[in-house]
Each structure stands twice: as structure tokens, then as C-alpha cells.
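Small disclaimer: the values here were computed from a predicted structure and weren't measured. In this chain, residues are counted from 1 in sequence order.
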Amino acid sequence: MRAVVISTPGGPEVLTVVEVPDPVPGPDEILVEVVATAVNRADILQRLGRYPAPAGAAADVPGLEFSGRVRAVGGRVTRWSPGDAVMGLVGGGAYAELLTLHEREAIAVPEGMAVADAGAVPEVFTTAYDALFLQGGLRGGGRALVHAGASGVGTAAIQIVKALGARVAVTCSAGKVAACEALGADLVVDYTSADFGVEVAAWTGPDGVDVVLDVVGGEYLDRNLDVLTTGGTIVQVGILGSPDAMLPLPKLLARRARLIGTVLRSRPLEEKIAVARRVEADLLPLFDAGLLHPVIDRRVPFAEVADAHRAVESNEVIGKVAIDVAS
């Protein structure tokens, strides 16, 4: 099969399409013919040599999410049959024509959605739902603040929050405000010209937000606490800014707040399975009802994967950059 390998840590030019051996599914695994995948920040960090693949994942083949069709199943598999359309998360290896994963990690492609579009669903919708609702405890009627609202995770978060009856404020740059508003965000703050702390405080009044989903880090930590309600939660899912932050303990204590750091990639198998099952049960009906959809900025052919990375690194895209693996 063809796969994209990282020949050496570096820029997008180190991504090379080569022939590698086909994977073989274990007794509880399915073999999937990949139709599409998408670029995630973790892929870029792995390419740069800053985020190694977890044990058991392909060390030199990036890619955390996929959509495709089942080609073969292991001897103990009961959930899937050859030809089924599936999507899901893997620790690595999705930039390839074939991959394997445990049958319970796979999720059915939503009814009516093109299999190629589903490749841009798993990572961002799972991350947003897990962070805001499963870990953050957001409920209908609550309020969330989501940073990088026009990112893949941000565009997924806006839709999920609105579909589940909560309200959401987001931050983004000036050229992306209209896109976030169109997705249904209740408040959009252009961080290049306004202070999100001031704007969010005016929006919530003294109540504050229940959950903050932050991908920035750095000095945002202190400012997130300023707009958090008593008993609220900050969920840190990435670090686009400084990796160092001062934690103002008096604010944390006064708000009886929780600060959660989270990643999906390195979780134990059973935890990944549990999240996949919740996403399938809770979000697939929302996709089927037309309340959720992937936001795809552009599609890039498999052989031009380096251009996909360059697009994401430009910070000019809205939503996801999809990679079409199958021609």
C-alpha cells in the first residue's frame, strides 16, 4: 500500500509517499481501506519531531483520523462486515491506503454523509464533545467559551454546543468572524481588536462561563479564570501559544475551579473505546438530523499532502483541510 512517511523531522517537504507493507488485522480488529483523512496540529508536531507517536502506532506515518470502508475483519469481530462505511481515530497511520483498529473504536459514517467528508469528522468532533461535555460537564442552558473558534475543533464545538441547547462564545481573528457567526456562535470576539475578557464578561454578566475550551495556553490561563463561573472548568486541549503559564492560585481557589489537561491520542484502548461509543450514541443522531456537519476549507490529493500541511500552518483556513486518499 501507499503511505505518507516522515523521512526526517522538518518542514512539509519531508512528507513522502512510499510503498509500505499492508497491515494485517488482529482477531478483534478491522482492516479499513482509507478514503480520506485530514490534517491535525498533532500531525504537524509529529512531522517536526515534537510529538512522537504513542506505543503501538506507526512511528513514521502520521494521521489521527480517517474515513473509509471495511476490507476485512478479524476472527472475533462482530460489529462490522466488509463494505461497511466507517470512520474513527487512530494513534497514527491514517495517512495511508490501509489501516487497522479495534472494531469498537470504529464509528459508523453518518447516514447521508459522503464517506470522503467523514474523514474530517472524528478528531475535532470527538475532542470538542469530550472536552466540553464529558469532561467539562457542560449542560443545556449553560455557557461555554471556545478559543480558536474557526479551527477544526472550534467549528465542531460551536455546532455541538448549539445542538445540545447551550450557548457559546468564541474567539477568532478578524477574517473568520463571519464564519463563526454563521455556525451559530452567540458571541464572536475578534481577539486582534478586542479583549475577550471584557467582551465575555459583558455577555455573561456576573455569572461567567461554565466551561472554557482552550487550545492557546500561555497567558490565556489567567484570563480564562477571570471569566469562569464559580465551580467552572477549564479544559486545555492544546498549546498554540506559550507552553508556560502562571497559575493564579487565589483565583483558582476563589472560583473553586477545575483545570483539566487532556489528549485523546495516548489514552488506553478501553478509554478510547468508551469515548468512541459515546460519540456514536450521542452525536450520530445529530449528524443524521442535519444539526452537525464537518467544515472543510479545502481538499488536497494524497500525493500533495505537503500542501495540506502548508495550508494548516498558514492559519488562514476555516475548519479542516481534508486529504483524499482514494482517487
Side-chain angles (χ1 to χ4, degrees), residues 1-9 12 14-74 77 80 84-107 109 115-116 118-124 126-127 152 263-269 271-273 275-276 300-306 308-309 312 320-327:
M1 70 171 184
R2 293 184 306 157
V4 173
V5 301
I6 301 170
S7 57
T8 185
V14 306
L15 298 171
T16 308
V17 179
V18 301
E19 289 287 334
V20 301
D22 291 358
V24 178
D28 299 305
E29 294 182 325
I30 58 175
L31 177 67
V32 178
E33 294 180 345
V34 178
V35 171
T37 181
V39 181
N40 292 288
R41 290 285 175 178
D43 304 334
I44 293 171
L45 292 174
Q46 182 176 343
R47 192 201 74 217
L48 292 170
R50 300 176 188 170
Y51 192 12
D60 56 353
V61 179
L64 303 183
E65 62 186 330
F66 73 91
S67 61
R69 295 181 178 86
V70 177
R71 172 185 282 190
V73 301
V77 170
W80 307 105
D84 287 344
V86 296
M87 61 184 185
L89 294 173
V90 289
Y95 288 15
E97 292 179 316
L98 297 170
L99 58 77
T100 61
L101 77 162
H102 195 285
E103 65 162 333
R104 291 189 291 157
E105 290 184 277
I107 300 170
V109 169
V115 176
V121 167
E123 198 276 339
V124 293
T126 301
T127 296
V263 294
L264 288 167
R265 188 182 194 189
S266 58
R267 293 186 193 179
L269 174 61
E271 290 187 21
K272 292 180 179 180
I273 288 171
V275 174
V300 176
F302 191 48
E304 299 171 18
V305 62
H309 274 231
V312 173
K320 301 284 287 186
V321 173
I323 300 171
D324 291 319
V325 179
S327 56

Exercise. For Val86 and Ile107, what are the C-alpha separation, side-chain angles and deciding distance, and is it a side-chain contact (heavy atoms from CB on, under 4.5 Å)?
Worked result: CA-CA 5 Å; Val86 296; Ile107 300 170; over 6 Å; no
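- Between Leu101 and Leu89, the closest heavy-atom pair is CD1-O, 4.0 Å.
- Screening Pro12, Pro9, Pro62 for a side-chain contact (heavy atoms from CB on, under 4.5 Å) with Arg47, the sole residue that qualifies is Pro12.
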Exercise. Should Ile273 and Glu105 be marked as a side-chain contact (heavy atoms from CB on, under 4.5 Å) after you check the CA-CA gap, both sets of side-chain angles, and the distance that decides it?
Worked result: CA-CA 5 Å; Ile273 288 171; Glu105 290 184 277; 3.8 Å; yes
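- Val77 has its side chain out of reach of Glu29: every pair of non-hydrogen atoms, C-beta onward, lies at least 4.5 Å apart.
- Closest non-hydrogen pair, Leu264 versus Lys272, comes out as O-CE, 3.5 Å.
- A salt bridge does not link Glu33 to Arg69: none of the charged nitrogens lies less than 4.0 Å from a carboxylate oxygen.
- Between Arg2 and Val325, the closest side-chain pair of non-hydrogen atoms is not below 4.5 Å.
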Problem set entry | Residues Lys320, Glu65; criterion salt bridge (charged side-chain N to carboxylate O under 4.0 Å, His left out); working and verdict | CA-CA 12 Å; Lys320 301 284 287 186; Glu65 62 186 330; 2.7 Å; yes
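- For Pro52 against Arg265, the heavy-atom pair with the smallest separation is O-NH1, 3.7 Å.
- The heavy-atom pair separating Ala308 from Ile323 by the smallest distance is CB-CG1, 4.1 Å.
- Counting only distance, with no hydrogens or angles, the side chain of Trp80 and the backbone of Val73 share no donor-acceptor pair below 3.5 Å.
- Using a 4.5 Å cut-off on side-chain heavy atoms (C-beta onward), Val61 and Val20 make no contact.
- Looking at Tyr51 and Asp43, their side chains never bring a donor and an acceptor atom within 3.5 Å of each other.
- Under the 3.5 Å distance criterion, with hydrogens and angles disregarded, no donor-acceptor pair is assigned to the side chains of Gln46 and Arg41.
- At distances below 3.5 Å, not a single donor-acceptor pair connects side-chain atoms of Thr100 with backbone N or O atoms of Val24.
- Distance CG/Leu99 to OG1/Thr37: 8.5 Å, rounded to 0.5 Å.
- The shortest side-chain heavy-atom distance between Val321 and His309 does not fall under the 4.5 Å cut-off.
- For the residue pair Leu64 and Gly91, the shortest heavy atom distance occurs at CD2-O, 3.6 Å.
- The closest side-chain heavy-atom distance from Thr126 to Val124 is not below 4.5 Å.
- In this structure the side chain of Ile30 never reaches within 4.5 angstrom of the side chain of Pro25, judged on heavy atoms.
- Counting heavy atoms from C-beta outward, Tyr95 and Ile6 have side chains that stay 4.5 Å or more apart.
- Smallest separation of non-hydrogen atoms from Asp324 and Ala116: OD1-CB, 4.2 Å.
- Between Thr16 and Ser7, the closest side-chain pair of non-hydrogen atoms falls below 4.5 Å.
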